[in-house]
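In what follows, a single structure is set out as structure tokens and then discussed.
Position 1 is the first residue of the sequence; numbering continues from there. Keep in mind it's a predicted model, so treat the numbers as computed, not measured. Keep in mind that the numbers below use all heavy atoms, side chains included, and drop hydrogens, waters and symmetry copies.
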Amino acid sequence: MTTFKDAPTGAESQTGKMSLSEIFETLLGGNLSIRISAYDGSSAGPADAQYGLNLKTPRGTTYLVTAPGDLGLARAYIAGDLELVGAHPGDPYPALKALASDLDFHRPSPLALAQIARSLGIEHFKPIAPPPQEAVPRWRRFAEGLRHSKSRDAEVIHYHYDVSNTFYEWVLGPSMTYTCAVYPDRDASLETAQDNKYRLIFEKLRLKPGDRLLDIGCGWGGMVRYAAKRGVHAIGATLSAEQAEWAQKAIVDEGLSEFAEVRHSDYRDITESGFDAVSSIGLTEHIGVGNYPAYFGFMRDKLRPGGMLLNHCITRPDNASRSKAGTFIDRYVFPDGELTGSGKIISKLQDIGGMEVIHEENFREHYAMTLRDWNINLVDHWDEAVAEVGEGTARLWGLYMAGCRIGFDRNIIQLHHVLATKLDDHGGHQVPLRPWWNA
């Protein structure tokens, strides 16, 4: 039911002009469980609803009209023109979860669409500049460089990861680990879970003192430093200059220079080989499905016979869905990102030859819990985060992490480990008969 702060004027009644909340109701099919209010004074949905949307400005209307769906909603929200009522912007998860049941857009009849257009006015159908946090569209990126070329990959990584090391410290916590944690139990802290994740990977890779590890897409060097503290000689590679600088300082501060090194480098430029293990923790999402053969081939060629490979990445829950990310993720989070199912990852790894997949497991629930804890950290440091990166970027991160959490909750996306070993010239391997790690 739509209510009005002021009754519609006679002119509005005669012309059939719709209020903004009436337009929302038409597009959403009515029966709202959330409260929608707008700057024209109209509102819709239960008056006592815990969560809702507040459209605050005409600019917000233009964003919604010119980019229907998640992109327009994100533009209006990040710019501050659309407010999520009932939740902190650092953790809008509960509001998003409530909204998800209502945000099911219905295509109105041609007559209703014409009435909506007349009510809004032609000025709202003219595109305007998006918020400054938005990356250029795919076609512009294609014109400016080949997808997944070294130069374009470097630009994409710079866009996402070189936000501010200080900002990441507040969101990620002391571990500075921007990948899924592995919780030993549901009450474990984020730091305990991140340390447990590195412990699990270390054990799966059968690493021991004196071994050599290559960690590609190493972030702030968490895996590199974990291995180095246990006597493993580890090299990490990252395309982010800020990550490499932070990681190298941490290596020096922790007295690990004898064992650890993080390079500001494309992983494809690593020349050393004969490693006992190669880990890729959160890099595959940036590679592109078409590049998987070269990607897995690179890791195979860096291993000695009998060496271990672990691939940790976000996946689709099936192998048939489109690989390209949705518009919001592509423009605001991971430009050029692609996801596929764990089955396709395994088959692409098997197809390069010389590798045998030993084990695979899904950590979907763990990533939802990780995102929950990152959102909590952002709320706890909200004022500092806004001062460091600006309110728009802080709102973007709160929205993105909460939205991804819903994706993991609903099995729209998953997180998989794939463990493999490099076979010898006779097709043999050296791994035990049964899993040797503590789950």
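The shortest side-chain heavy-atom distance between Glu365 and Arg186 falls under the 4.5 Å cut-off. Counting heavy atoms from C-beta on, the side chains of Leu55 and Ile36 never come closer than 4.5 Å. Put simply, the side chain of Ile376 does not reach to within 4.5 Å of the side chain of Leu190, judged on heavy atoms.
No option in Ile216, Thr179, Asn311 other than Thr179 meets the side chain to side chain contact (heavy atoms under 4.5 Å, CB included) test with Ile281. The side chain to side chain contact (heavy atoms under 4.5 Å, CB included) test with Phe275 is passed by exactly one of Leu214, Asp211, Leu309, Leu213: Leu214.
Formation of a donor-acceptor pair under 3.5 Å by the Asp91 side chain with backbone atoms of Gly398 is not found in this model. In this structure, Asn196 contributes its side chain and Val182 its backbone to a donor-acceptor pair below 3.5 Å. Under a 3.5 Å cut-off, the side chain of Glu83 and the backbone N or O of Asn54 do not form any donor-acceptor pair. Checking side-chain atoms of Gln248 against main-chain N and O of Val262 turns up a donor-acceptor pair under 3.5 Å. Of the possible polar contacts, one joining the His366 side chain to the Tyr183 backbone as a donor-acceptor pair under 3.5 Å is found. Under the 3.5 Å distance criterion, the side-chain polar atoms of Asn291 are matched with a main-chain donor or acceptor of Ile287. Proximity of a side-chain donor or acceptor of Glu338 to a complementary backbone N or O of Ser323 within less than 3.5 Å is not detected. In this structure a side-chain-to-backbone donor-acceptor pair under 3.5 Å is present from Arg212 to Ser273.
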Pairs under 3.5 angstrom only: tabulate donor-acceptor contacts from the side chains of residues 343-357 to other protein residues two or more places apart or in another chain.
{"unit_1": "Ser347", "atom_1": "OG", "unit_2": "Gly343", "atom_2": "O", "d": "3.3"}
{"unit_1": "Ser347", "atom_1": "OG", "unit_2": "Lys344", "atom_2": "O", "d": "2.9"}

Donor-acceptor contacts, no H, no angles, side chain residues 404-421, under 3.5 Å, sequence neighbours left out:
{"unit_1": "Asp409", "atom_1": "OD2", "unit_2": "Tyr93", "atom_2": "OH", "d": "2.4"}
{"unit_1": "Asn411", "atom_1": "OD1", "unit_2": "Gln414", "atom_2": "NE2", "d": "2.8"}
{"unit_1": "Gln414", "atom_1": "OE1", "unit_2": "His416", "atom_2": "NE2", "d": "2.6"}
{"unit_1": "His416", "atom_1": "ND1", "unit_2": "Glu360", "atom_2": "OE2", "d": "2.0"}
{"unit_1": "His417", "atom_1": "ND1", "unit_2": "Lys204", "atom_2": "NZ", "d": "3.0"}
{"unit_1": "His417", "atom_1": "NE2", "unit_2": "His312", "atom_2": "ND1", "d": "2.9"}
{"unit_1": "Thr421", "atom_1": "OG1", "unit_2": "Gly307", "atom_2": "O", "d": "3.1"}

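For the salt bridge (charged side-chain N to carboxylate O under 4.0 Å, His left out) condition, the pairs that include at least one residue of residues 296-307, sequence neighbours left out, are Asp276-Arg304. Here salt bridge (charged side-chain N to carboxylate O under 4.0 Å, His left out) pairs that include residues 255-265, with residues two or more places apart or in two chains, are Glu261-Arg263, Arg263-Glu272. Under the salt bridge (charged side-chain N to carboxylate O under 4.0 Å, His left out) criterion, the residue pairs touching residues 69-82 are Arg59-Asp81, Arg75-Glu134, with sequence neighbours excluded.
Ring planes of Tyr292 and Phe296: perpendicular class, angle over 60° (limits at 30 and 60°).
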In sequence, state the C-alpha distance, the side-chain angles, and the governing distance for Tyr39 and Thr61, and then conclude on side chain to side chain contact (heavy atoms under 4.5 Å, CB included). CA-CA 10 Å; Tyr39 57 86; Thr61 299; 2.9 Å; yes
Go through Thr238 and Trp220 one step at a time and tell me if the side chain to side chain contact (heavy atoms under 4.5 Å, CB included) criterion holds. CA-CA 8 Å; Thr238 174; Trp220 289 270; over 6 Å; no
Let me see the working for Tyr198 and Thr177 under side-chain hydrogen bond (donor to acceptor under 3.5 Å, both in side chains), right down to the final yes or no. CA-CA 10 Å; Tyr198 289 131; Thr177 299; 2.9 Å; yes
Quick one: do Thr315 and Leu339 satisfy side chain to side chain contact (heavy atoms under 4.5 Å, CB included)? Show the steps, please. CA-CA 5 Å; Thr315 67; Leu339 302 178; over 6 Å; no
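A 6.0 Å sphere centred on CD of Glu245 holds no more than 12 heavy atoms belonging to other residues, nucleotides or ligands. For Asp185, the CG atom counts as densely surrounded, since its 6.0 Å shell holds more than 12 non-hydrogen atoms of other residues, nucleotides or ligands.
Qualifying salt bridge (charged side-chain N to carboxylate O under 4.0 Å, His left out) partners for Glu254, counting only residues two or more places apart in sequence or in other chains: Arg225, Lys229. Arg434 is linked by a salt bridge (charged side-chain N to carboxylate O under 4.0 Å, His left out) to nothing, counting only residues two or more places apart in sequence or in another chain. Looking at residues two or more places apart in sequence or on another chain, you find no ring-ring contact (aromatic ring centres under 6.0 Å, His included) involving His124. Listed by chain and number, the residues in a salt bridge (charged side-chain N to carboxylate O under 4.0 Å, His left out) with Asp187 amount to none (sequence neighbours excluded). When the ring-ring contact (aromatic ring centres under 6.0 Å, His included) test is applied to Tyr267, the partners found at least two apart in sequence or on another chain are Phe298. With sequence neighbours excluded, the residues satisfying ring-ring contact (aromatic ring centres under 6.0 Å, His included) with Tyr226 are Phe202. For Phe167, the ring-ring contact (aromatic ring centres under 6.0 Å, His included) partners are Trp397, not counting sequence neighbours.
Taking the six-membered ring wherever Trp is involved, the centroid distance between the rings of Tyr332 and Tyr400 does not fall below 6.0 Å.
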